[in-house]
Protein chains: 2
Amino acid sequence: MNNIPKPTKTELAILNIMWQISPATVRQIHEEIIKNGKTSYTTTLKMLQVMHQKGLVSRNSEHKAHIYEPAMSKKETQRQMLDDLKNRLFGGSISSLVLQALGSNAKTNQSELDEIKALLEKVEQDSI
Amino acid sequence: MNNIPKPTKTELAILNIMWQISPATVRQIHEEIIKNGKTSYTTTLKMLQVMHQKGLVSRNSEHKAHIYEPAMSKKETQRQMLDDLKNRLFGGSISSLVLQALGSNAKTNQSELDEIKALLEKVEQDSI
DNA sequence: TACAATATACGAGAAACTTCGTTAAACACT
DNA sequence: AGTGTTTAACGAAGTTTCTCGTATATTGTA
């Protein structure tokens, strides 16, 4: 019922902008979008209308120019999409996903590694 | 030129089967598919034809029944899709992705954790 | 050889996603 | 009020993805 669908490629691009500048009008979002590639204003508008219809964004229609906001935080969306990928390509195993992610990318800086290690300790505590 | 596209949702479901049982005929793959849901044989056939056209699978047409194989290993596909998700939702940061993955899922068993820690050590060595 | 079974090829339709033009309403300014 | 600007709504066309029926070719066998 209240289930928000996984955003499509284009919808995700719009959400990425909105997590930075929302609450925002269609105009403001569109200004950001056209910084990398041309699109009509009405295309952006239509996307937001469809996203609102799907429940991906909420909006305030009090003013002439509606004000939009993402329905989910970036973190929640990250969790949702990671979970989806985990189930569809990693047999449901998050550790398999993490191993692959770390293994295929060696250039991770020290503070990030420390952060990961710290979190790992915490996860270890919880799981014992 | 030689670039293999990211598989779609349905294509990925087929690839998951193929990584288990390929090389295989359409018939064999289709038998697996219908174990969870009904689909026509020709649908499976068409999917494989399109996937071959896209370069997602290779095939041997010597025999009457063509024999199909994935063009990419599961590992390579995992890397490709993880990379895509990283770029589209994690600002290109793999550690941010890993943190989110570990944080949102506490039920990871000890041997998996050990494996992750070992890999982390190795990554740390390389990056110094 | 003729018939049945099994395979491929192909195109058409359905569904989801994306783009954009047209229309009408709200607003701002002289 | 009248004109020009900005906005929302809507529908339609283009694209990609998925599903399936029909036609055709190959193989095996009575």
Side-chain angles (χ1 to χ4, degrees), chain A residues 3-18 21-69 77 81 84 88-89, chain B residues 3-18 21-69 77 81 84 88-89:
Chain A
N3 243 9
I4 300 179
K6 185 159 70 90
T8 66
K9 191 179 168 58
T10 307
E11 286 165 350
L12 185 56
I14 292 176
L15 285 172
N16 268 318
I17 288 169
M18 295 178 76
I21 67 168
S22 77
T25 62
V26 176
R27 177 65 57 190
Q28 290 171 311
I29 293 164
H30 185 245
E31 289 304 318
E32 289 299 315
I33 287 177
I34 59 181
K35 284 182 183 172
N36 13 293
K38 25 189 107 159
T39 321
S40 288
Y41 171 83
T42 50
T43 300
T44 304
L45 171 64
K46 181 65 162 191
M47 284 302 303
L48 283 163
Q49 286 170 346
V50 170
M51 289 167 79
H52 177 245
Q53 150 87 30
K54 289 184 180 178
L56 285 164
V57 300
S58 63
R59 76 180 180 189
N60 178 331
S61 321
E62 286 172 17
H63 309 289
K64 179 192 173 189
H66 301 176
I67 296 181
Y68 287 84
E69 255 179 306
T77 303
M81 295 192 69
D84 178 70
R88 293 193 299 115
L89 189 55
Chain B
N3 243 9
I4 301 178
K6 185 160 70 90
T8 65
K9 190 177 167 60
T10 307
E11 286 166 351
L12 186 56
I14 292 177
L15 285 172
N16 269 318
I17 288 169
M18 294 178 75
I21 67 167
S22 78
T25 62
V26 175
R27 177 66 56 190
Q28 290 171 310
I29 294 164
H30 185 244
E31 289 303 321
E32 290 299 316
I33 287 177
I34 59 181
K35 284 182 183 170
N36 14 294
K38 25 190 106 160
T39 320
S40 287
Y41 172 83
T42 51
T43 300
T44 304
L45 171 65
K46 181 65 161 191
M47 284 301 302
L48 283 163
Q49 286 170 345
V50 169
M51 288 168 80
H52 176 245
Q53 150 87 30
K54 288 184 180 179
L56 285 164
V57 300
S58 64
R59 74 180 182 191
N60 178 330
S61 321
E62 287 173 16
H63 310 289
K64 178 192 173 188
H66 300 176
I67 295 179
Y68 287 84
E69 254 178 306
T77 303
M81 296 194 69
D84 178 69
R88 293 194 298 117
L89 190 55

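The analysis underlying the following values was restricted to heavy atoms, covering all of them including side chains, and did not include hydrogens, waters or symmetry mates. Remember, predicted model here, so these are calculated numbers, not experimental data. In what follows, every chain begins at residue 1, and chains take the letters A, B, ... in the order their sequences are listed.
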Original post:
Reading nucleotides 19-30 of chain C 5' to 3', which nucleotides get B (base under 4.0 Å from a protein heavy atom), which S (sugar-phosphate only), which -?
Top reply: BBBB---BS---
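Among the atoms of the strands shown, base atoms are found under 4.0 Å from some heavy atom of B:Y41.
The separation between B:Q28 atom CD and C:dT6 atom C1' is 14 Å, rounded to whole Å. Rounded to an integer number of Å, the gap from A:H30 NE2 to C:dT18 C1' is 14 Å. Summarising the geometry, the separation between CG on B:L45 and C1' on C:dG11 is reported as 13 Å, rounded to the nearest angstrom.
A donor-acceptor contact shorter than 3.5 Å is absent between the side chain of A:E32 and the backbone of A:I29.
Separation of atoms CG (B:L15) and OG1 (B:T10) is listed at 11.0 Å; rounding is to 0.5 Å. Rounding to the nearest 0.5 Å places NE2 of B:H66 at 11.0 Å from OG1 of B:T25.
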Throw together a table of side-chain donor-acceptor distances under 3.5 angstrom for residues 37-47 of chain A, partners on residues two or more places apart or in other chains.
none

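Proximity of residues 49-59 of chain B to DNA chain C (heavy atom under 4.0 angstrom from any strand atom) is restricted to B:Q49, B:R59.
Paired regions of DNA chain D, where each region holds three or more successive Watson-Crick or G-U pairs whose two hydrogen-bonding distances fall under 3.5 Å, are C:1-30 with D:1-30.
Legend: salt bridge (charged side-chain N to carboxylate O under 4.0 Å, His left out) pairs involving residues 4-13 of chain A, not counting sequence neighbours, sorted by first then second residue: A:K6-A:D84, A:E11-A:K54.
Taking every heavy atom of both residues into account, A:Y68 and A:V26 meet most closely at CE1-CG2, 3.6 Å. Minimum interatomic distance between A:I67 and A:H63 (heavy atoms only, all atoms of both residues): CD1-CD2, 4.2 Å. When every heavy atom of A:P7 is checked against every heavy atom of A:M81, the shortest pair comes out as CG-SD, 4.2 Å. The shortest heavy-atom contact between B:S22 and B:E69 is OG-CG, 4.0 Å. The nearest pair of heavy atoms linking A:G55 to A:I4 is O-CD1, 3.6 Å. Between A:H52 and A:V57 the shortest heavy-atom distance is CD2-O, 3.4 Å.
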Original post:
Please walk me through it: do A:Q49 and A:Q53 pass side chain to side chain contact (heavy atoms under 4.5 Å, CB included)?
Top reply: CA-CA 6 Å; A:Q49 286 170 346; A:Q53 150 87 30; over 6 Å; no
**OP:** Show your reasoning for whether side chain to side chain contact (heavy atoms under 4.5 Å, CB included) applies to A:M18 and A:L56.
**Re:** CA-CA 11 Å; A:M18 295 178 76; A:L56 285 164; over 6 Å; no
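Nucleotides of DNA chain D that come within less than 4.0 Å of any heavy atom of chain B span, from the 5' end to the 3' end, D:dT17 to D:dT27.
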